[in-house]
Amino acid sequence: DAGVIQSPRHEVTEMGQEVTLRCKPISGHNSLFWYRQTMMRGLELLIYFNNNVPIDDSGMPEDRFSAKMPNASFSTLKIQPSEPRDSAVYFCASSFSYNYEQYFGPGTRLTVT
Amino acid sequence: KQEVTQIPAALSVPEGENLVLNCSFTDSAIYNLQWFRQDPGKGLTSLLLIQSSQREQTSGRLNASLDKSSGRSTLYIAASQPGDSATYLCAVAFGNEKLTFGTGTRLTIIP
């Protein structure tokens, strides 16, 4: 298996623009997680899905952030409009099921100018 | 508030030495604890997962222990190598699938 796939790997955009991050989990995994990593706050869970259903989105910072999982092999994290403080590395992770190891993708480094 | 703490933030050790990384957490009611390594500019690589019912897990030169009553876990690395240099993160599942991460220990192995 290719592991968790994220695209793009790097994104530079101007403040106010819409940004869409994409994730393909490991085939057969039922849980998908979106994290954000910054120097100031470390790794934070934004939202997670189980069987394509959002379970907990309490970590989503504000309404500018939204996430979808239309099927078992694809998820998106959208920021609209983007702001400079959204600059961070965004990771997607997946796991087989509850209480199993989480496997992380390589991340998307987002820079908002 | 459920928190995970890793001290020290950075550690340097001569090659070949055995070492221990520490992780402490505030709530003993956990489902599991996972250790990761992160290389600069890269994603996280899972090293070991310890279930709540277990006391330790081993993989090669790595051994992770779990003591829920004291809220502590340790990651033991035997015969350290320069390739072990990375940031090591501890993450705890407090009661569900959500992982709460520590801030990590940046490990440097000196050749």
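Just so it is clear, the values below take in all heavy atoms, side chains as well, and ignore hydrogens, waters and symmetry mates. Per chain, numbering begins at 1; letters A, B, ... match sequence-line order.
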For the backbone of Asn63(B) and the side chain of Thr58(B), can you confirm whether one donor and one acceptor N or O come within less than 3.5 Å of each other?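 No, because the side chain of Thr58(B) does not come within donor-acceptor range (under 3.5 Å) of the backbone of Asn63(B).
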Is a side-chain N or O of Ser85(B) found less than 3.5 angstrom from the main chain of Ile109(B), in a donor-acceptor match?
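Such a contact is found between Ser85(B) side chain and Ile109(B) backbone.
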* Interchain contact, Ser58(A) with chain B, by part (heavy-atom threshold 4.5 Å) ->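 When you check distances to chain B, only side chain atoms of Ser58(A) fall under 4.5 Å.
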Which answer fits Gln37(A), side chain, backbone, both or neither, if we ask what part of it has an atom under 4.5 Å from a heavy atom of chain B?
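Contact with chain B is through the side chain of Gln37(A) alone.
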Next item on the list: Give the member of Ser52(B), Gly104(B), Gly43(B), Gly102(B) that has the highest number of heavy-atom pairs under 4.5 Å with chain A.
Entry: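 Among Ser52(B), Gly104(B), Gly43(B), Gly102(B), the one with the most close pairs to chain A is Gly43(B).
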Whether Phe36(B) and Phe101(B) hold their rings parallel, tilted or perpendicular, with breakpoints at 30° and 60°
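Tilted, since the angle between the ring planes falls between 30° and 60°.
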query: Which word best sums up how the rings of Phe91(A) and Phe104(A) line up, parallel for under 30°, tilted for 30 to 60°, or perpendicular for over 60°?
result: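 Perpendicular, since the angle between the ring planes exceeds 60°.
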